[in-house]
Structures are given as structure tokens and as C-alpha cells.
Amino acid sequence: TGVQTCALPICLVFQAINADFFGLRHNAKELYRRSSEMARRQGLPGAAAQPLAQDALSDALLGNCEVARTEARAAILPDQVPDGVFPGVLALAYCGEAAQAQKIADETSKRFPLATIWNAVYLPTIRAALDSKRNQPTQAIEALQSATPYERRYPWGIYLRGLAYVALHKGEQASTEFQKIVDHKGATWDAAAAPIYSLSYIGLARAAVLSGDTPRSKKAYQDFLSLWKDADPDLPILIAARKEYAALH
């Protein structure tokens with residue numbers, strides 16, 4: 001029957017998600033841009049902003065905060081629904097833009113006081129990211145408690161909890177969190193969360209170092225570097241992972 005193509009913005013987003021999973025950030029960025037432009041031409045401003053917000057969050061997670069801040073600010077529109085607001089605000093929070101992230105989060109909470117996923121998942125995730133940037137990992141873990149029942153669908157709490165345990169030098173607890181994502185990365189596919197499925201291997205590697213398990217750490221780094229064998233070489237997180245792996249030898 002041949003290969004069918006999809007002429008909808010969401011199809012380009014799915015391609016961008018796949019590119020981000022393999023560290024092909026420049027390719028993903030172009031796909032997000034094309035998706036946004038396609039939605040804009042169709043007169044869908046909210047749909048046009050969403051890929052740009054996801055693009056910003058990917059840049060934030062991969063260590064390119066200078067770009068992520070600019071992208072996130074441009075992607076957050078007035079009166080957006082929580083699903084549209086979340087990626088951009090989390091990018092700002094993850095990159096230390098506490099005042100702006102908190103302001104937008106507060107405004108969204110006022111407009112959607114009864115939004116279940118916003119209150120139970122998105123808002124705690126933003127708070128946890130802000131706590132982590134303030135070097136308050138214990139508070140970050142506490143903030144994520146309400147997200148626990150939703151984590152199979154929205155794995156942000158698992159990932160940020162793992163990072164918090166690393167900050168607390170609790171290697172075994174961190175490993176448990178990151179392993180959940182690695183073991184179930186096919187169970188759901190949250191578009192905004194695409195990079196964390198790959199980055200959890202780095203989390204596992206760093207957690208194993210804290211636990212004194214060098215062989216396990218090496219294996220996790222090897223898995224990550226194999227997954228990202230064709231990744232863009234200039235990604236800060238990839239550069240850091242290669243240095244950390246080399247230091248184990």
C-alpha cells in the first residue's frame with residue numbers, strides 16, 4: 001500500500017518527539033518549527049504555540065537554557081489551557097526563571113482552579129523544578145506527592161524525584177526512580193516528556209556512581225551513548241555524559 005504521509009501539524013510533532021529521543025535536537029527543532037508554522041497558517045494560534053513550547057522544554061532538559069528561555073517566553077500565550085502552558089512554564093522553571101514561571105503558574109491556577117491534571121501533576125512538577133533550582137531537593141520530593149497516581153501517564157514526577165535523590169546523594173533511591181522510566185518507556189508517550197526517556201540512562205549512571213557501583217554506571221552510560229550514537233555532538237548533556245563516562249575508566 002506504500003507509505004502514507006500525514007499533512008497535520010501533530011504528525012510533525014511525533015516526528016520531532018522521535019528525533020529528540022535519539023538526541024537529534026537540530027532535526028527536532030526544525031520539525032517543531034514546521035509544525036508550528038503549519039498550525040499558524042491554519043489559523044490555530046494555540047496549536048502553533050504548543051510545538052514551540054515543547055521545543056523550549058527539550059532545550060531546557062538538554063542544557064541549552066539560553067535558547068530555552070527565549071523560546072518559552074515566545075510560546076506562552078494569554079489564556080492558554082493548562083496543556084499548552086505547562087511545557088513552556090516548566091522550561092522556565094527548569095532554567096531558573098523562578099519569578100516568571102511562578103507568575104504564569106499562579107495565573108493559570110486562577111483561570112483553571114478545578115483542572116485535575118494541572119493541580120495534581122503540572123503544578124507540582126513546576127514547583128518541584130523550582131525547588132530543585134533553589135537547591136531544595138527535599139521540598140521537591142514533597143511537592144511531587146500528589147502526582148504519584150498519575151506517573152505512568154505523566155512521568156515528570158518520577159524524573160524530577162530521581163534528580164532530587166541524586167542531589168541528596170541517595171543513589172539507590174534515585175536508581176529506583178530512573179529505572180521506572182527506563183522499564184516503562186513504551187507505556188505512554190507524553191510529547192513534552194520525550195527527552196527524559198533517554199536522559200534517565202544518565203540518571204541511572206549518576207545514581208550508580210553515588211552507590212559505588214561502577215560497573216552498573218558504565219553500563220548505563222554505554223546504553224545512553226549507544227542510543228545517542230548519531231546525536232548532535234554539541235548538546236551540553238551529551239558532552240557532560242561523555243566526560244563522566246571517560247572518568248570511570
Side-chain angles (χ1 to χ4, degrees), residues 1-95 97 100-101 104-105 107-108 111-112 115 117-118 121-122 125-126 153-156 185-199 227-228 230-235 237-238:
T1 59
V3 177
Q4 294 183 338
T5 59
C6 177
L8 297 173
I10 191 62
C11 298
L12 294 176
V13 168
F14 287 143
Q15 293 176 43
I17 292 168
N18 187 67
D20 267 336
F21 181 76
F22 292 104
L24 303 173
R25 182 86 275 269
H26 298 300
N27 186 21
K29 185 173 288 294
E30 174 61 16
L31 289 164
Y32 281 131
R33 185 198 64 78
R34 287 170 54 196
S35 174
S36 177
E37 178 62 22
M38 187 181 295
R40 188 191 63 77
R41 290 198 304 267
Q42 295 173 5
L44 302 170
Q50 187 75 19
L52 300 181
Q54 293 174 358
D55 187 26
L57 183 51
S58 291
D59 274 324
L61 292 169
L62 299 179
N64 194 0
C65 274
E66 184 176 352
V67 172
R69 292 185 186 100
T70 301
E71 292 172 334
R73 293 187 185 106
I76 298 172
L77 304 178
D79 300 324
Q80 271 182 313
V81 298
D83 281 347
V85 171
F86 174 67
V89 178
L90 184 57
L92 293 173
Y94 202 85
C95 288
E97 294 294 319
Q100 189 170 15
I104 299 169
E107 291 171 351
T108 304
R111 288 189 289 111
F112 301 96
I117 298 302
W118 173 260
V121 180
Y122 291 159
T125 299
I126 293 165
R153 173 61 180 87
Y154 304 95
W156 290 104
K185 59 181 177 290
T188 184
W189 197 248
D190 181 357
I196 72 172
Y197 294 101
S198 302
L199 298 182
L227 189 65
W228 276 30
D230 298 319
D232 300 337
D234 59 342
L235 298 179
I237 193 71
L238 177 59

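Source: prediction; values computed, not measured.
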Discussion item. Is there a side-chain contact between Val67 and Lys29 in this structure, where contact means two heavy atoms from C-beta onward sitting under 4.5 Å apart?
Written reply: yes

Discussion item. So, taking the atom named CH2 in Trp118 and the one named CD1 in Ile126, what distance separates them when rounded to the nearest 0.5 Å?
Written reply: 4.0 Å

Item to complete: Kindly indicate whether the side chain of Leu238, heavy atoms from C-beta on, has any atom under 4.5 Å from the side chain of Leu62.
Response: no

Worksheet item: For the residue pair Ala56 and Glu71, what are the closest heavy atoms and their distance?
Response: CA-OE1, 3.2 Å

Name the atoms and distances for all side-chain donor-acceptor pairs under 3.5 Å in residues 19-26, with sequence neighbours left out.
from	atom 1	to	atom 2	distance (Å)
Asp20	OD1	Arg25	NE	2.8
Asp20	OD1	Arg25	NH2	3.3
Asp20	OD2	Arg25	NH2	3.2
Asp20	OD2	Ser58	OG	2.8
Arg25	NH1	Asp55	O	3.4
Arg25	NH1	Asp55	OD1	2.7
Arg25	NH1	Asp59	OD1	3.0
Arg25	NH1	Asp59	OD2	3.3
Arg25	NH2	Asp55	OD1	2.9
His26	NE2	Asp234	OD1	3.3
His26	NE2	Asp234	OD2	3.3

Practice prompt. Measure the OG1-CD1 distance between Thr125 and Ile117 for me, rounded to the nearest 0.5 Å.
Written response: 10.5 Å

Fill in: Counterpart residues, salt bridge (charged side-chain N to carboxylate O under 4.0 Å, His left out), relative to Arg111 (two or more places apart)
none

Worksheet entry | From Gln100 atom CD to Ile76 atom CD1, the distance as rounded to the nearest 0.5 Å | 6.5 Å

Worksheet item: Side chain of Gln50, backbone of Asp83: donor and acceptor closer than 3.5 Å?
Response: yes

Worksheet item: Do Leu90 and Trp156 touch side chain to side chain, with heavy atoms closer than 4.5 Å?
Response: yes

Worksheet item: Under a 4.5 Å cut-off applied to non-hydrogen side-chain atoms, are Pro51 and Leu12 in contact?
Response: no

Worksheet item: Roughly how far, to the nearest 0.5 Å, is CZ of Arg40 from OG of Ser35?
Response: 12.5 Å

Fill in: Gln15 side chain reached by Arg34 side chain, heavy atoms, under 4.5 Å
no

Practice prompt. Give, for atom SG of Cys95 and atom CG of Leu61, the distance between the pair rounded to the nearest 0.5 Å.
Written response: 8.5 Å

Worksheet item: Rounded to the nearest 0.5 Å, how far apart are CG of Leu57 and OH of Tyr32?
Response: 8.5 Å

Worksheet entry | Closest non-hydrogen atom pair between Val89 and Ala101, with its separation | CG1-O, 3.6 Å

Worksheet item: Can you tell me if Thr108 uses its side chain to pair, donor with acceptor, with the backbone of Ile104 under 3.5 Å?
Response: yes

Discussion item. Quick check: closest heavy atoms across Gly84 and Ala53, and the distance to 0.1 Å?
Written reply: O-CB, 4.4 Å

Item to complete: Say whether, by atom type as modelled, one donor and one acceptor occur between the side chain of Arg69 and the main chain of Glu97 under 3.5 angstrom.
Response: no

Response to the item:
Minimal heavy-atom distance between Ala48 and Ser36, with the atoms involved, is O-OG, 2.6 Å

Worksheet entry | Residue pair Pro155 / Tyr197: nearest heavy atoms and the distance that separates them | CG-OH, 3.6 Å

Fill in: Carboxylate-amine/guanidinium contact Glu30 Arg33, below 4.0 Å
yes

Discussion item. Are the side chains of Phe86 and Val81 in contact, using a 4.5 Å heavy-atom criterion?
Written reply: no

Discussion item. For a 4.5 angstrom cut-off between non-hydrogen side-chain atoms, does Arg73 reach Leu92?
Written reply: yes

